[in-house]
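When a ligand or atom number is given, it counts from 1 through the structure's own listing order. On a predicted model such as this, the values are computed, not experimentally measured, just so you know.
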Amino acid sequence: MKISQSDRAYQQCTNPFCKATFSIQEVRVSCKKCGSLLDVEYDWDRLPVPRSLNYFEHRWATKGTELEGRLDFSGVWRFRELMPFYRTEEDIVTIGEGRTVLQKADILGRHVGMKPGRLMLQYEGLNPSGSFKDNGMTAAFTHARIVGAKRVACASTGNTSASLALFASLAEVPGVVFIGSGKIAFGKLSQALDYGALTLQIKGDFDSCLRRVRQIAVDIPEIGIYLMNSVNPFRLEGQKSIMFRILEACGWDPPDWIIVPGGNLGNCSAFGKAFIELTKLGLIKRVPRLAVINASGANTLNQLFEHKKLRWNNGEVDCHILGDFYNHLNQTNTRANTVASAIEIGRPVNLPKALRALDIMNGVTREVPDEHILEARAMVARYGFGCEPASAASLAGLQVLLQQQVISPDDRVVCILTGHELKDANVTVKYHTGIDMKAAQDLAPRSEPHGLLSNQPIQVADDLPSIISALGGNPEWAAKVTDVDVGPNLGGEY
Ligand code: F0G
């Protein structure tokens, strides 16, 4: 099925009272009119949508090295009719992402009190860069190619930077990653350096990094950055495919529950969008329930949803609840803090979309303390293929929901394991031996790197002129940035 249809896809404001539309050719991370987040939308009536999801199965047989075969091999583009924003198939940037498996986890299930055959684990750590981010990055790089982006960048707790760096290297587009000082697991940092991304270690945390990279991407066009974080609506198009693969593995019969860790809330937002669309297209009869699990030290979503009862409310999200919450974080100088560094995020940018996903998927949220995350991670490793700490929040969340009888041992449950165990080996070694390898390395004498391809990270203060200089720009451009904090809005001021 060949498609050439970018006129049938467009970007649309998620605020139902605005609904402004923008062309696919525009590079935006929020609505020009009201500042809300954007979706990629489709004129489905004018697109060749398969009549049944079974259609996608034939692609298992057609993979190969030519373009069409490579698209069929990709666990994302195998479902390309469900994300048809590209102009032609030549636009698509793929590295063989999304070849991940849904695994029955009976032994682990028995240990947490599930009935046999009921617990399944979706191993997104089996992606090329070792995390689910590759599902979204392939789509964002495809859009970057459509608009002719010259340089791509992201802020990251580690996995987005690893994925961006890998795609940037293979697509031959310069990549820049902003990471917080001492905030990212070594496995992820080593990937960004190894794949050759310009790595800026900002003296701050993820929330500071995202704020800086957004300011630069939006307000300083001279630097020429295309933003790859999950505020980029194209990334979430690719992440819908995680749901398509799970449905496929379940013989297109949806499970009862999807459980996913929540950080910046892009993934759960993408899952919600997948089910909105599958329902609209009549391709599915039942929608699974969603559980989004925060770490207790980074619990913004759970606090707002579970305790303050903030809801999507047909798009009329109560800005006062949001504003009061963020003001409180500011006044008490509360920063996110958890051993699950991937989800150490206090101001999740996709919050409104996550509320929409919880609405359509009749979802719940919970938060789990670090000790439970560490034990859950160790259990996945003992009785499965392993995962990084943030991913295990999903299993720790399942344990809470079983205990509270929200989930029954007979329900069919899929926990999304978002990242590979080897991403954060320090946590594993410390769990088993008590030795903090990271601290030991920090104390070790430093020597200059001397490899031919050595790529040292650059330490930068959390201020715009320094960051702009590190990117080769003029520090005076900092004056162009309208310096508004990420606050009680529906997606950002930018
Ligand atoms: N699990 C892992 C392993 C992650 O790396 C992330 C996010 C999440 C869960 C949360 O997903 O943000 O879509 O809610 N990592 C981002 C990063 C923030 O920069 O790598 P989310």
_Could you tell me, atom by atom, which parts of ligand 1 come under 4.0 Å of a heavy atom of Thr418?_
1 (N), 2 (C), 3 (C), 9 (C)
*Below 3.5 angstrom, do we get any N/O pair linking Lys133 and ligand 1?*
yes
*Is the gap between the ring centers of Tyr226 and His143 under 6.0 Å?*
yes
*For a salt bridge (charged side-chain N to carboxylate O under 4.0 Å, His left out) with Arg212, tell me which candidate from Asp219, Asp463, Asp462 qualifies.*
Asp462
_Ring centres under 6.0 Å, that's the criterion: do Phe234 and Phe85 meet it?_
yes
*Before signing off on this row, confirm whether Gln239 and ligand 1 have an N or O atom pair separated by under 3.5 Å.*
no
*Is it possible for you to check whether Arg28 lies under 6.0 Å from the centre of the six-membered ring of Phe22, through NZ or CZ, and within 45° of that ring's axis?*
yes
*Applying a strict 4.0 Å limit to heavy atoms, is Ser230 in contact with ligand 1?*
no
*What residue and heavy atom of the protein are closest to atom 5 (O) of ligand 1, and at what distance?*
Asn159 ND2, 2.8 Å
_Side-chain donor-acceptor contact under 3.5 Å, Glu97 with Ser74_ = yes
*Hey, is ligand 1 close enough to Thr157 that some N/O pair sits below 3.5 Å?*
yes
*Just checking, any donor-acceptor pair under 3.5 angstrom between side chains of Arg245 and Thr100?*
yes
*Please identify which atoms of ligand 1 are closer than 4.0 Å to at least one heavy atom of Ile343.*
8 (C), 9 (C), 10 (C)
*Hey, does the Lys NZ or Arg CZ of Arg80 hover above the aromatic six-ring of Tyr86, less than 6.0 Å from the centre and inside 45° of the axis?*
no
*State the atoms of ligand 1, each with its element, that fall below the 4.0 Å cut-off from a heavy-atom position in Gly266.*
13 (O), 14 (O), 21 (P)
*asked:* If the cut-off is 4.0 Å to any non-hydrogen atom of Asn264, which atoms of ligand 1 fall inside it?
replied: 12 (O), 14 (O), 21 (P)
_Numbered atoms of ligand 1 (with element) below 4.0 Å of Ser156, judged on heavy atoms_ = 17 (C), 19 (O), 20 (O)
_For Gly262, atoms of ligand 1 separated by under 4.0 Å from a heavy atom_ = 14 (O)
_Ligand-residue contact atoms, ligand 1 with Thr160, heavy atoms, under 4.0 Å_ = 16 (C), 17 (C), 19 (O), 20 (O)
*Those atoms of ligand 1 less than 4.0 Å from some heavy atom in Glu388*: 3 (C)
*Between Gln191 and Lys423: side-chain donor-acceptor atoms closer than 3.5 Å*: yes
*asked:* Could you check whether Arg99 makes a cation-pi contact with Phe73, meaning its NZ or CZ is under 6.0 Å from the centre of the six-membered ring and within 45° of the ring axis?
replied: yes
_Region of Lys423 engaging ligand 1 - heavy atom pairs below 4.0 Å_ = neither
*asked:* How far is atom 13 (O) of ligand 1 from the closest protein heavy atom, and which atom is that?
replied: Asn267 N, 2.8 Å
*Starting from atom 4 (C) of ligand 1, find the nearest protein heavy-atom neighbour and note its residue, name and distance.*
Ala342 CB, 3.4 Å
*Do any nitrogen or oxygen atoms of Phe132 come within less than 3.5 Å of a nitrogen or oxygen of ligand 1?*
no
*In a check of side-chain hydrogen bond (donor to acceptor under 3.5 Å, both in side chains) between Tyr42 and each of Glu277, Lys280, Glu237, which one passes?*
Glu237
*Does one side chain, of Asn127 or Glu124, offer a donor that lies under 3.5 Å from an acceptor on the other?*
yes
*asked:* Quick one about Gln303 and Glu367 (side-chain donor to acceptor, distance below 3.5 Å, no hydrogens or angles considered), yes or no?
replied: yes
*asked:* So for Ile345, does at least one of its heavy atoms come nearer than 4.0 angstrom to any atom of ligand 1?
replied: yes
*Compute the shortest N/O to N/O distance between Lys188 and ligand 1 and return yes if it is under 3.5 Å, no if not.*
no
